[in-house]
Amino acid sequence: MAELIVPMNMNTVEQCIDLYINVFNNEPWNETWTVEDAKERLVDLVKTPKFLGFLLYEKDDLIGFIAGNSKQSDKGLTFYVAELCIHNQVQGKGYGSRLLQYLENELKERDIQSLYLLTAKGGSAEAFYIKNNYVENKERVVIKKNL
């Protein structure tokens, strides 16, 4: 495979929008992202303090990206994975795992102690993370309130 991983930044946001919409507006998420909302989401993410993100290309085609930001905790820096997005047509071929491993290696070099993320329970995304040695944090709970 002729894949290339490069840093994500404000100049690369535009090329991520269609991929983001195509992935998250389909199974298993079935969300309803518009171009405007997706662009705002990704621009806001890139502008987040201590942002770090990477794009994954196969030949010249963008097939995925991973992005988030680090935060200080009492145990050192931790990293929040806000988005991991792999093109629908190549999911299940190891690209997501390679991108995740690349991020983990970069975080270790930056002396970041841990990472965490949120994903849907019981679906293919949860199974993906478990396959990549992630475990559910039994000490935390996500609490939500609709307004």
Side-chain angles (χ1 to χ4, degrees), residues 1-73 77-134 136-137 140 142-147:
M1 290 183 214
E3 59 190 56
L4 174 67
I5 298 176
V6 300
M8 181 178 181
N9 57 48
M10 195 60 73
N11 296 327
T12 60
V13 166
E14 286 291 332
Q15 60 188 288
C16 297
I17 295 169
D18 286 341
L19 176 62
Y20 190 85
I21 291 170
N22 288 333
V23 169
F24 291 109
N25 284 3
N26 286 296
E27 292 291 332
W29 295 275
N30 296 312
E31 295 174 347
T32 56
W33 288 96
T34 65
V35 169
E36 296 79 20
D37 290 342
K39 181 176 183 176
E40 183 176 346
R41 165 78 175 149
L42 296 174
V43 166
D44 286 351
L45 180 57
V46 172
K47 288 182 177 180
T48 303
K50 300 180 186 171
F51 167 81
L52 183 64
F54 297 98
L55 307 177
L56 173 62
Y57 292 90
E58 176 63 43
K59 298 184 179 159
D60 292 330
D61 297 322
L62 176 66
I63 61 168
F65 64 88
I66 191 166
N69 67 296
S70 57
K71 301 175 182 181
Q72 187 64 43
S73 76
L77 286 173
T78 187
F79 189 85
Y80 170 63
V81 178
E83 300 295 347
L84 172 55
C85 183
I86 301 294
H87 195 290
N88 299 344
Q89 293 179 336
V90 296
Q91 288 178 10
K93 297 185 178 186
Y95 291 109
S97 295
R98 285 196 292 285
L99 195 52
L100 195 56
Q101 185 61 57
Y102 186 90
L103 174 68
E104 290 173 13
N105 291 338
E106 289 289 324
L107 296 177
K108 288 175 190 173
E109 288 182 16
R110 289 168 167 78
D111 201 30
I112 295 176
Q113 311 300 312
S114 62
L115 65 129
Y116 69 101
L117 55 92
L118 300 172
T119 194
K121 266 196 152 330
S124 59
E126 181 184 20
F128 165 79
Y129 289 110
I130 290 170
K131 179 185 86 170
N132 281 280
N133 301 315
Y134 286 67
E136 181 180 346
N137 185 341
R140 301 280 189 240
V142 176
I143 297 176
K144 172 185 170 182
K145 179 179 183 180
N146 290 328
L147 301 177

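The chain is numbered in sequence order, starting from 1. Given the structure is predicted, the values throughout are model-derived calculations rather than measurements.
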Using modelled atom types only, decide if a donor and an acceptor are shared between the side chain of N69 and the backbone of K50 within a distance under 3.5 Å. no
Could you tell me whether a side-chain N or O of N9 sits under 3.5 Å from a main-chain N or O of T12, the two making a donor and an acceptor? yes
Between G68 and F79, which heavy-atom pair has the shortest distance, and what is it? C-CZ, 3.3 Å
Any heavy-atom pair between the side chains of Y134 and L100 that's under 4.5 Å? yes
As an exercise, state the distance from CG of N88 to CZ of F24, rounded to the nearest 0.5 Å. 9.5 Å
Please test Y95 against H87 for side-chain contact (heavy atoms from CB on, under 4.5 Å), starting from the C-alpha separation and ending with a verdict. CA-CA 9 Å; Y95 291 109; H87 195 290; over 6 Å; no
Using a 6.0 Å cut-off, check whether atom CD of Q89 has over 12 heavy atoms from anything other than its own residue. no
For the atom pair CD1 (I17) and CD (E40), what is the distance rounded to the nearest 0.5 Å? 11.0 Å
Quick one: closest heavy-atom pair of E3 and R98, and the distance? OE2-NE, 3.0 Å
Can you tell me if K47 has over 12 outside heavy atoms packed within less than 6.0 Å of its NZ? no
Closest approach of G64 and I86, non-hydrogen atoms and distance? CA-CD1, 4.0 Å
Specify whether Y20 and F65 have parallel, tilted or perpendicular ring planes, treating 30° as the upper limit for parallel and 60° as the lower limit for perpendicular. parallel
Step by step, would you call Y116 with K71 a side-chain contact (heavy atoms from CB on, under 4.5 Å)? CA-CA 11 Å; Y116 69 101; K71 301 175 182 181; 3.2 Å; yes
Just wondering, are more than 12 heavy atoms of other shown residues or ligands nearer than 6.0 Å to CD in E31? yes
Measure the NZ-CG distance between K108 and L115 for me, rounded to the nearest 0.5 Å. 10.0 Å
Taking the side chain as every heavy atom from C-beta outward, state whether K131 and S97 have any pair of such atoms under 4.5 Å apart. yes
Min side-chain heavy-atom separation L45-E83 under 4.5 Å: yes
Candidate list N105, D111, L103, test side chain to side chain contact (heavy atoms under 4.5 Å, CB included), partner L107, passing option: L103
Contact summary for C16 and L55, nearest pair of heavy atoms: SG-CD2, 3.5 Å
Can you tell me how far the CD1 atom of I112 sits from the CD atom of Q72, to the nearest 0.5 Å? 10.0 Å
Scanning both residues in full, the closest heavy-atom pair of F54 with I5 reads CB-CG2, 3.7 Å
Stepwise side-chain contact (heavy atoms from CB on, under 4.5 Å) check, L84 with Y129: CA-CA 11 Å; L84 172 55; Y129 289 110; 3.4 Å; yes
Rounded to the nearest 0.5 Å, what's the gap from CD1 on I66 to CG on L99? Could you check? 5.0 Å
Once you round to the nearest 0.5 Å, how far does OH of Y57 lie from CG of L4? 8.0 Å
If you look at every heavy atom in T34 and D37, which pair is closest and at what distance? OG1-N, 3.0 Å
Are more than 12 heavy atoms from other residues, nucleotides or ligands located less than 6.0 Å from atom CG of N137? yes
Using modelled atom types only, decide if a donor and an acceptor are shared between the side chain of S114 and the backbone of T78 within a distance under 3.5 Å. no
